[in-house]
Amino acid sequence: MKWFLIIVLICVIMLIAMGVSEQYKDKFDFYSNLKSFLNQFKLNLSFKQEKITDFLKNTQGKKYFKQFVLAYEDYLSTDIINLNKIKVLEQSEATELENIIKNIGKHDAKNEIKQLDTFLLEIDNKLAKAQEDKNKLCPMILKLSLLFAIGLAIILI
């Protein structure tokens, strides 16, 4: 019975570690989807509001990016943006993203392209940071959790 409980403890610790490391993967996925979204926006600057809503409905993405798309759709209809449901974003990142959303479509085509290029550079920087965190922290969290679980199992034996 003791061995069974130790194995269960190790499994629970590893599941928690996998959940923690998942947030880094989700953040990377969010920024890569956001980059492709802004690139599509850049290619189709002549969007009218009806076309934007159709474009948003056809946009694919995982859970947090889908929440971003829903928040953007709400913004188009109510002029109120709420990105609090996107848990992978820090407050400063959410504020930056709100500013990006509010500034899209406010200028002529030439200035809009310049602004989207600036936004894309910021997103590239965040994407590179998210990629680095994902590649560095996810394996480290899993390895340290495994070592912790094995150490705890040894102590309990």
Side-chain angles (χ1 to χ4, degrees), residues 10-149:
I10 291 173
C11 291
V12 167
I13 290 173
M14 291 308 296
L15 285 174
I16 291 170
M18 289 162 71
V20 170
S21 67
E22 189 72 25
Q23 75 182 14
Y24 294 106
K25 294 174 186 175
D26 287 343
K27 190 170 192 170
F28 174 75
D29 289 339
F30 177 80
Y31 278 121
S32 62
N33 286 330
L34 183 62
K35 181 181 178 183
S36 67
F37 175 77
L38 290 176
N39 278 326
Q40 286 295 321
F41 235 92
K42 184 178 172 184
L43 292 174
N44 299 302
L45 278 176
S46 62
F47 276 161
K48 301 211 180 319
Q49 183 138 351
E50 305 83 34
K51 289 184 181 180
I52 291 175
T53 54
D54 290 339
F55 174 71
L56 289 173
K57 287 180 182 169
N58 294 329
T59 302
Q60 300 295 320
K62 289 191 176 182
K63 54 186 172 184
Y64 292 112
F65 189 72
K66 208 56 161 165
Q67 290 173 350
F68 166 76
V69 169
L70 292 173
Y72 191 67
E73 286 176 346
D74 289 343
Y75 170 73
L76 290 175
S77 61
T78 62
D79 284 341
I80 298 171
I81 184 84
N82 184 8
L83 299 178
N84 293 335
K85 293 180 183 176
I86 304 174
K87 302 292 185 212
V88 294
L89 295 178
E90 297 170 7
Q91 185 61 36
S92 61
E93 293 172 330
T95 304
E96 262 182 60
L97 196 54
E98 286 175 11
N99 290 335
I100 289 172
I101 290 171
K102 289 178 182 177
N103 289 324
I104 289 178
K106 303 282 183 180
H107 306 285
D108 59 23
K110 188 176 180 181
N111 288 332
E112 189 75 23
I113 289 174
K114 287 181 185 177
Q115 189 173 27
L116 282 172
D117 285 336
T118 305
F119 293 154
L120 284 169
L121 284 175
E122 291 176 23
I123 298 302
D124 281 338
N125 293 337
K126 298 222 183 270
L127 185 62
K129 173 86 169 93
Q131 174 75 30
E132 180 183 319
D133 286 348
K134 180 181 119 179
N135 290 340
K136 183 172 66 172
L137 295 177
C138 288
M140 183 181 71
I141 289 170
L142 292 175
K143 289 174 187 173
L144 288 176
S145 297
L146 181 62
L147 289 174
F148 174 72

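Values in this document were obtained by computation on a predicted structure and should not be read as measured data.
Sorted by first then second residue, the side chain to side chain donor-acceptor pair (under 3.5 Å) pairs that include residues 10-26, not counting sequence neighbours, are Asp26-Lys63.
Using a 4.5 Å heavy-atom threshold, the side chains of Ile123 and Leu38 count as touching.
Residues Asn135 and Gln131 share a closest heavy-atom pair of ND2-NE2, 2.7 Å. Contact record, Glu93 with Val88: OE1-O, 4.0 Å, taken as the closest heavy-atom pair. Nearest heavy-atom pair across Glu90 and Lys27 is OE2-NZ, 4.0 Å.
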Could you walk me through whether Phe28 and Leu127 pass the side chain to side chain contact (heavy atoms under 4.5 Å, CB included) test, one step at a time? CA-CA 6 Å; Phe28 174 75; Leu127 185 62; 3.6 Å; yes

Worked check of side chain to side chain contact (heavy atoms under 4.5 Å, CB included) between Tyr72 and Leu97: CA-CA 11 Å; Tyr72 191 67; Leu97 196 54; over 6 Å; no

Would Asn39 and Leu120 satisfy side chain to side chain contact (heavy atoms under 4.5 Å, CB included), going step by step from the backbone distance to the final call? CA-CA 8 Å; Asn39 278 326; Leu120 284 169; 3.1 Å; yes

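Summarising the geometry, atom CZ belonging to Phe119 is positioned 8.0 Å from atom CG belonging to Asn99; distances are rounded to the nearest 0.5 Å. Rounding to the nearest 0.5 Å places NZ of Lys87 at 13.0 Å from CZ of Phe30. Glu122 CD to Leu34 CG: the interatomic distance, rounded to the nearest 0.5 Å, is 10.5 Å. One finds the NZ atom of Lys114 at 9.5 Å from the OG1 atom of Thr118 (value rounded to the nearest 0.5 Å). Distance check: Leu83 CG to Tyr64 OH gives 13.5 Å after rounding to the nearest 0.5 Å.
Here Phe37 pairs with Phe41, Phe55, Phe65, Phe68 under the ring pair (Phe, Tyr, Trp, His ring centres under 6.0 Å) rule; sequence neighbours left out. With sequence neighbours excluded, the residues forming a salt bridge (charged side-chain N to carboxylate O under 4.0 Å, His left out) with Lys129 are Asp133, listed by chain and number. For the side-chain hydrogen bond (donor to acceptor under 3.5 Å, both in side chains) test, residues two or more places apart in sequence or in another chain that qualify with Asp124 are Lys35. Here Lys126 pairs with Glu96 under the salt bridge (charged side-chain N to carboxylate O under 4.0 Å, His left out) rule; sequence neighbours left out.
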Determine all donor-acceptor pairs shorter than 3.5 Å in which one atom belongs to a side chain in residues 11-19; sequence neighbours excluded.
none

